[in-house]
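The structure under discussion appears below in the form of structure tokens.
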Amino acid sequence: MKKYILSIIFALSCAFVSAASLRDYVCLVEPQVPEKTKEFLTEYKESLKSRGYNDYAEYIDSYLQGSFGSGFVVYGSDRKPYIITNRHVVIEAETVNITFDLGDGNTTKYEGLKVISSDEKMDFALIALPEDFKKPGLEFYTGSVAEGDEVWSAGFPGLGTKPLWQLGKGIVSNTSVKIEELFDPEISALIQHSAQIDGGNSGGPLLVKDSKSASGYKVIGINTWKAIYRENTNFSIPSSVVKSFIDNAVKNKGVSPDFGKRLEEFRKVVSDKETTISEFKRFISNEFIAVYGKDAFIWVLNNCSDDTREAVASIFAYDPIDGMRYSIAIQVFRKFWLSRYEKDPRYMTNVDYLLERNDQEYSTEYTTSDPELEDNDYKVTFTYKGFASYDSVWCEEQGCWKLKDFNGMAATAGTATLKKQKKVPHSGSITFSIKDFGQMNGINFNTEILIGANYCAFGGFSTFEQLKNSETIPFTMTGGVMLRFQVPVKGRNFFLVPYVDGRFGLKINTDFHAEPFLPVYGVGVGCNVIFENGFPGTTVAPVLGCGVVILKNNEETDKAFYLNFGITF
């Protein structure tokens with residue numbers, strides 16, 4: 001599913017120029033994650049650690065340290081002050097803190113501000129400032145922009161984990177860029193420019209100089225993306241689109257959004273044959289994530305293909321909440337498509353297979369019940385051909401209607417169990433081996449039991465040999481201890497594990513005219529393949545391999561070739 005995620009990340013930036021007056025207009029935006037979310041993530045972090053998912057636990061740690069972006073002051077048609085920024089800056093926030101750097105070591109801070117409107121498709125969010133706010137607002141540029149025009153980016157990119165004010169200079173390199181994965185071309189093209197953009201500047205303004213304005217600048221766009229594999233390739237959403245969003249948000253402030261319009265938008269996503277998971281993700285609420293996000297992410301880790309897991313993990317690394325949002329979207333996505341292709345088992349866990357459907361017969365025969373309003377939430381049932389029925393619950397969040405529950409997912413939250421992350425040789429292994437002793441013709445059976453960590457394992461071995469060509473010794477038995485050193489190499493769905501071990505034990509001699517017990521020692525070398533995806537619902541996985549062992553006692557040397565098969569757990 002990597003191909004569905006563009007290699008462009010959200011950004012934010014600048015350089016150094018003397019422009020102290022701009023500090024009155026551009027601010028640092030710090031989203032405040034709700035306390036209940038912090039508590040949930042802290043508990044989840046410990047659960048991940050206990051199951052061996054240390055990387056994911058570290059991502060949560062980084063996230064809990066806080067994030068930030070940029071924004072700038074505007075005045076709406078109601079003559080009241082607002083902060084405009086990117087929605088992805090405040091996506092999980094319940095409230096927002098705003099800070100203005102005065103340039104003399106002092107700051108002005110406004111805490112607990114509310115996001116009054118957002119648009120996930122255009123990536124905008126509008127924050128209401130106190131009515132007694134006295135700072136001026138930036139004006140929007142209404143003239144034409146040409147390639148080669150000088151532009152400035154202002155904001156608070158991070159130096160390490162600390163946001164610092166910067167103003168950067170560049171030029172417009174393309175006035176009309178259409179990148180469907182970033183922004184709907186039917187809404188607007190983007191402005192490509194070379195003014196510095198780095199992590200922390202998202203939501204900040206892209207400016208041109210204007211001597212007639214109070215600030216000396218006017219806004220031509222809002223900085224949102226940066227190409228990571230090209231130098232000085234940054235993208236801004238034009239000011240005309242930003243202004244239109246602000247005007248509409250101010251006009252409808254305090255008015256509940258039209259649920260019918262939102263439902264119709266969701267129906268189009270469901271009915272579109274080319275729909276991607278990102279489209280479904282736009283409809284997942286933070287409230288849904290708080291209740292069911294953990295279970296959804298666990299389901300992806302336990303059940304989905306490597307490509308799907310890696311795609312979700314990359315999102316989780318940047319933003320754990322958004323990774324869970326994506327995980328829920330996958331499950332909602334599957335529900336709709338499985339009702340169409342329910343007889344094909346390949347659709348059960350492989351989201352990539354769902355996305356790569358080409359020649360499947362496609363149908364959009366969904367009907368919806370009339371929305372019912374209950375406790376400020378809407379309830380709607382989707383039905384497919386009269387037999388597949390899905391109940392949905394919708395809540396209002398940041399000025400949009402979002403899914404609060406779907407098909408009872410939230411109602412069953414807390415039932416998913418995270419499998420222990422597979423490490424070689426896991427907690428242990430049992431291996432059975434067939435031996436070949438050259439001229440000897442009989443039953444040869446070897447058992448090894450190992451317990452260990454990734455690179456070292458300790459255990460025991462035992463061997464039973466029935467010797468049909470021996471008149472004096474009908475069978476022998478050997479047993480002892482072994483210490484194995486191995487270097488696991490990760491494959492796509494398996495571990496390749498070359499090893500070397502040392503062995504010491506006793507051989508029981510059934511020719512009672514000889515010594516009954518003979519000490520033996522030796523070495524073994526070989527290679528096993530441990531399959532990462534084991535038996536459903538367990539942490540048990542099959543192992544196959546081969547090896548050579550040499551055992552020596554006072555009288556003889558045994559050289560044996562092994563074919564191994566067994567299980568790890």
Exercise for the section: Test Ile116 against Ile127 for side chain to side chain contact (heavy atoms under 4.5 Å, CB included), laying out the working first. Expected result: CA-CA 6 Å; Ile116 64 167; Ile127 303 162; over 6 Å; no

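- Here the closest non-hydrogen pair linking Trp225 and Leu182 is CZ2-O, 3.4 Å.
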Problem - Ile222 vs Phe124, side chain to side chain contact (heavy atoms under 4.5 Å, CB included): CA-CA, chis, key distance, verdict - result: CA-CA 9 Å; Ile222 184 168; Phe124 296 142; 3.6 Å; yes

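- Side chain of Gln32 to backbone of Glu30: a donor-acceptor contact under 3.5 angstrom is found.
- Using modelled atom types, one finds a donor on one side chain and an acceptor on the other under 3.5 Å when comparing His193 with Asn223.
- Side-chain atoms of Arg309 come within 3.5 Å of backbone N or O of Cys304 as a donor-acceptor pair.
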Practice task
Check the pair Tyr44 / Ile60 against side chain to side chain contact (heavy atoms under 4.5 Å, CB included), numbers first and verdict last.
Solution key: CA-CA 9 Å; Tyr44 191 32; Ile60 292 177; 3.9 Å; yes

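- We find that Lys404 and Asp377 are joined by a salt bridge, their nearest charged nitrogen and carboxylate oxygen being less than 4.0 Å apart.
- Minimum interatomic distance between Leu207 and Ala154 (heavy atoms only, all atoms of both residues): CD1-CB, 4.2 Å.
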Exercise for the section: Apply ring pair (Phe, Tyr, Trp, His ring centres under 6.0 Å) to the pair Trp394 and Phe266, showing each step before the final yes or no. Expected result: CA-CA 11 Å; Trp394 298 74; Phe266 186 70; 5.2 Å; yes

Practice task
Tell me, with the steps shown, if Arg282 and Glu265 meet salt bridge (Lys or Arg N to Asp or Glu O under 4.0 Å).
Solution key: CA-CA 11 Å; Arg282 296 192 295 109; Glu265 184 180 350; 3.0 Å; yes

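- In terms of modelled atom types and a separation under 3.5 Å, the side chain of Ser244 and the main chain of Ser240 share no donor-acceptor contact.
- Taking all atoms of both residues into account, the shortest heavy-atom contact from Ser70 to Gly200 is OG-O, 2.9 Å.
- A distance below 6.0 Å separates the ring centres of Tyr56 and Phe316.
- Tyr82 and Lys253 share a donor-acceptor pair across their side chains, judged by distance under 3.5 Å alone.
- No salt bridge links Asp258 with Arg262; every basic N to acidic carboxylate O contact stays at or beyond 4.0 Å.
- For the pair Phe382/Ser392, a side-chain contact is recorded, criterion being any heavy-atom separation below 4.5 Å from C-beta on.
- Looking at Ser194, its side chain does come within 3.5 Å of a backbone N or O of Ile171 through a donor-acceptor pair.
- The side-chain heavy atoms of Met122 and Phe183, taken from C-beta on, include a pair separated by under 4.5 Å.
- Between Gln192 and Thr233 there is a side-chain heavy-atom pair separated by less than 4.5 Å.
- Of the N and O atoms on the side chains of Thr224 and Asn86, at least one donor lies less than 3.5 Å from an acceptor on the other residue.
- Put simply, the side chain of Ser327 gets close to the backbone of Gly323: a donor and an acceptor are under 3.5 Å apart.
- With ring centers used as reference points, Phe259 lies under 6.0 Å from Tyr378.
- Taking 4.5 Å as the limit, some side-chain heavy atom of Leu64 sits within range of a side-chain heavy atom of Thr42.
- Under a 3.5 Å cut-off, the side chain of Asp405 and the backbone N or O of Ala410 do form a donor-acceptor pair.
- Using a 4.0 Å cut-off between charged nitrogen and carboxylate oxygen, Lys251 and Asp78 do not count as a salt-bridge pair.
- Distance CD1/Ile289 to CG/Leu403: 11.0 Å, rounded to 0.5 Å.
- In this structure, the side chain of Asn232 does not engage the main chain of Ala195 through any donor-acceptor pair within 3.5 Å.
- Classification of Glu372 and Lys379 as a salt-bridged pair fails, no side-chain N sitting under 4.0 Å from a carboxylate O.
- With respect to Glu58 and Lys49, no salt bridge is recorded, no charged nitrogen being found less than 4.0 Å from a carboxylate O.
- No donor-acceptor pair closer than 3.5 Å links the side chain of Asp123 to the backbone N or O of Glu120.
- More than 12 heavy atoms of other residues, nucleotides or ligands shown are found within 6.0 angstrom of CD1 on Ile187.
- Two residues are said to be in side-chain contact when any heavy atoms from C-beta on lie closer than 4.5 Å; Ser285 and Glu287 meet this criterion.
- Shown here is Asp184, whose CG atom has more than 12 heavy atoms of other residues, nucleotides or ligands within 6.0 Å.
- Between Val90 and Thr85, the closest side-chain pair of non-hydrogen atoms falls below 4.5 Å.
- Without hydrogens or angle criteria, Tyr59 side chain to Asp319 main chain gives no donor-acceptor distance under 3.5 Å.
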Practice task
Determine, stepwise, if the pair Thr95 / Leu113 fulfils side chain to side chain contact (heavy atoms under 4.5 Å, CB included).
Solution key: CA-CA 5 Å; Thr95 59; Leu113 304 181; over 6 Å; no

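- For Lys38, the NZ atom counts as densely surrounded, since its 6.0 Å shell holds more than 12 non-hydrogen atoms of other residues, nucleotides or ligands.
- Under a 3.5 Å cut-off, the side chain of Asn286 and the backbone N or O of Ile91 do form a donor-acceptor pair.
- Under the 4.5 Å side-chain criterion, counting only non-hydrogen atoms from C-beta, Asn174 is in contact with Glu147.
- Side-chain atoms of Leu138 and Pro205, non-hydrogen and from C-beta on, do get closer than 4.5 Å to each other.
- For the atom pair CD1 (Ile298) and CG (Leu48), the distance works out to 7.5 Å, reported to the nearest 0.5 Å.
- Aromatic ring pairs are classed by plane angle as parallel below 30°, tilted from 30° to 60° and perpendicular above 60°; the pair Phe140 and Phe72 is perpendicular.
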